[in-house]
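What follows is one structure encoded as structure tokens, with my remarks underneath.
We number each residue from 1, following the sequence as shown.
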Amino acid sequence: MELKRGIPVSPGVAIATALVVETEGVRIQRRTVDKSLVATEIDHLRIALTKASADARENQNAISAKLGKQYGAIFAAHALLIDDPELVREIEQMIAQKNYSAEYAVSLVMRRHAKALESMNQPIFSTRSSDILDIEKSILKHLVGEQGDPLQNLQEPVVILAHDLTPSQTANLNPKMVYAFATEAGGKASHTAIMAGVLEIPAVVGLGRFLTQVSGGDEVIVDGNRGIVIVNPDPETRERYLVLQKQSVSFARRLDELRDLPAATKDGTRTLLMGNIEFPQEGPHCTDRGADGVGLYRTEFLYLNKTSEPDENEQYEAYLAVLRAMGPGKPVVIRTMDLGADKLFQVGDNHPHEKNPSLGVRSIRLCLRNLAMFKTQLRAILRASPFGDVRIMFPMVSTLMELRQCKMILADVKEELEEEGYAYNRKLPVGTMIEVPSAALMAEEMAKEVNFFSIGTNDLIQYTLAADRTNENVASLYNAGDPAVVRLIDRVIQAAFKHSIEVCVCGEMSGDPIYTMLLLGLGLRQLSMTPQNIPEIKKIIRSITIEEAKQVAQEAKRFETARDVNNYLREQTRRILPEVVVN
Ligand code: PEP
Ligand code: MG
């Protein structure tokens, strides 16, 4: 049994067999064949081995000619290993005795050898272990062809283990087949992590190097509450996790009973709990969890994984679908597209290559340089506005000038629609996200220009602490409880109050139960989060008075380090609802 600790990003516990996805996309999935096909499978294996060996010899010649014989020798060694009768016998035995498919047998055997070398803990052997994985890949290429998307068309439930997954790969996972995932890379507020929450797939990221220690088909436990991954659990551990799984299902059932009750404190102070969504189909996720509306619709997901830009009607239809799902009177905050950084745009060539994409032309900066694209979206939002409580919000605004530019373009688009005879809500509320420290520092001035603020803590934390939200190596710096972040949030709330505009938090922090009392105590009465988190947050709100929350916020503001703030908040939350504080 091997236990690894990483960053928990989507709650829940799952137990299933591993599907290891290499960065290059090699799929290793357990598959058995009928007894009558074992001989054919062995034939397939032999043909693949011959071809892989020929490839290695070809590589040897090509590399020798290009770089010198000593480098070509690496591939000569590959060929020798592929031809090694001992190795071939081992793989064939797996097929003959266990009826494993040729590709699964290859992967199992090669990974065992790689693991054995890796565990010797000496650089020379670790290098050999990557050679073995390379050979595995080359044999698999001849058995299953060049890989398509390894995550599609899964035949049995799996836990996906990968170096990293892109947000769009994650968005396309099928939660019925993918019970959980765990990655070597990634941080708490990466969009991959957010997508896991959206799909309600338990997930742990930032585990560091571990893939070479796992074989496809190993049994794996992913504990998305505590950030733990266990490979090949012993019977005791397995049993303990089965009990934990049952307990969390029964806790979730108890929380379900709160669905139609308001998120009001014991003394009757009402908070609006809204859902964050990425796709129109998620409207029902919000209503199922008793959301008071959609506080953040990340429309950029309409653009990801596309070969052409979604046209005005496609966008209009998507917005209408969300409005229909939410029903009358429920606010739906449509955020204009926030493309760039880890949400890569595949349409057109209008995204420049940048050294620091998070500090580059992303989000509103991209829109302001692609006016046709921006205007198309604004038209679609305005056209949908008569059909519900639509609000529009601009992301990543860092200066007043940008905000004013956005408003001017919106005014132009309104004029165009007017001339064309389209209806739209003339009083459409306009808001800005506050997710860049410069905007937080200028909140007083910003507040005069908009109807509402939404504090995007995911980015606000990364830009305040200069800690990439997707980078596991700076995960300890990336902290919502950091006093610098708390002070900026406090400042933004005060500016909103002073100018009588609404203010909400829509980053991951709002769905983390340890921060609920702090946020309420700082004065927030609107929180928007992954719908899955709403019941827990509602339970906390219904268990406290507003006076208690204010005292907690007062006290939390006194601490000087993130560690002290978080320890204090964890303690206070444990007092109210011990089930949600996991460590
Ligand atoms: C945020 O930054 O907090 C936010 C909600 O936006 P996103 O996570 O989409 O960047
Ligand atoms: Mg953001």
How long is the gap from [atom1] on [X] to [atom2] on [Y], to the nearest 0.5 Å?
| X | Y | atom1 | atom2 | answer |
| --- | --- | --- | --- | --- |
| Ser190 | Met195 | OG | CE | 11.0 Å |
| Ile392 | Leu410 | CD1 | CG | 5.0 Å |
| Glu571 | Ile514 | CD | CD1 | 11.0 Å |
| Leu378 | Ile334 | CG | CD1 | 10.5 Å |
| Leu524 | Tyr515 | CG | OH | 14.5 Å |
| Gln572 | Leu518 | CD | CG | 11.5 Å |

**Message:** Using the rule given for side chain to side chain contact (heavy atoms under 4.5 Å, CB included), can you reason through Tyr303 versus Gln377, listing the C-alpha separation, both sets of side-chain angles and the distance that settles it, and then say yes or no?
**Reply:** CA-CA 11 Å; Tyr303 295 74; Gln377 178 169 40; 4.1 Å; yes
Test item: [X] side-chain N/O and [Y] main-chain N/O as donor-acceptor pair under 3.5 Å:
| X | Y | value |
| --- | --- | --- |
| Asn458 | Glu508 | yes |
| Lys375 | Val413 | no |
| Arg525 | Leu520 | yes |
| Arg259 | Thr287 | yes |
| Thr299 | Arg335 | yes |
| Tyr478 | Leu465 | no |
| Ser510 | Ser528 | yes |
| Asn356 | Leu359 | no |
| Asn276 | Cys506 | yes |
| Thr530 | Asn533 | no |

Please determine if [X] and [Y] form a salt bridge, counting it only when a charged side-chain N lies under 4.0 Å from a carboxylate O.
| X | Y | answer |
| --- | --- | --- |
| Lys539 | Glu536 | no |
| Glu200 | Arg289 | yes |
| Glu449 | Lys407 | yes |

Identify the heavy atoms of [X] and [Y] that sit nearest to each other, and give their distance.
| X | Y | result |
| --- | --- | --- |
| Pro11 | Asn225 | CB-OD1, 3.2 Å |
| Ala475 | Ile7 | CB-CD1, 3.4 Å |
| Met373 | Met337 | CE-SD, 3.5 Å |
| Gly481 | Asn566 | CA-OD1, 3.5 Å |
| Ala185 | Val205 | O-CB, 3.5 Å |
| Lys4 | Leu207 | CE-O, 3.3 Å |

**Prompt:** side-chain hydrogen bond (donor to acceptor under 3.5 Å, both in side chains) with Asp389: which residues, sequence neighbours excluded?
**Reply:** Arg391
**Message:** Between Thr170 and Phe181, is the side chain to side chain contact (heavy atoms under 4.5 Å, CB included) condition met? List the steps.
**Reply:** CA-CA 9 Å; Thr170 315; Phe181 74 78; 3.6 Å; yes
**Request:** Before giving the answer on side chain to side chain contact (heavy atoms under 4.5 Å, CB included), spell out for Glu184 and Leu211 the whole-Å C-alpha distance, their side-chain angles and the decisive distance to 0.1 Å.
**Result:** CA-CA 8 Å; Glu184 292 183 328; Leu211 285 186; 3.5 Å; yes
Measuring only between side-chain heavy atoms, which start at C-beta, is [X] closer than 4.5 Å to [Y]?
| X | Y | value |
| --- | --- | --- |
| Glu502 | Asn451 | no |
| Asp267 | Glu547 | no |
| Val503 | Ile455 | yes |
| Asn370 | Phe374 | no |
| Leu273 | Leu527 | yes |
| Ile364 | Thr336 | yes |
| Arg365 | Ser398 | yes |
| Met442 | Leu403 | no |

Decide if atom [atom1] of [X] counts as having more than 12 heavy atoms of other residues, nucleotides or ligands within a radius under 6.0 Å.
| X | atom1 | result |
| --- | --- | --- |
| Arg487 | CZ | no |
| Arg270 | CZ | yes |
| Arg369 | CZ | no |

**Message:** Would Tyr241 and Ile230 count as a side chain to side chain contact (heavy atoms under 4.5 Å, CB included) here? Give the steps.
**Reply:** CA-CA 10 Å; Tyr241 268 96; Ile230 300 168; 3.6 Å; yes
**Message:** Between Arg491 and Glu444, is the salt bridge (charged side-chain N to carboxylate O under 4.0 Å, His left out) condition met? List the steps.
**Reply:** CA-CA 9 Å; Arg491 183 185 180 106; Glu444 287 244 356; over 6 Å; no
**Asked** Where does the angle between the aromatic ring planes of Tyr319 and Tyr297 fall among parallel (under 30°), tilted (30 to 60°) and perpendicular (over 60°)?
**Response**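 Ring orientation, 0 to 90° scale: perpendicular.
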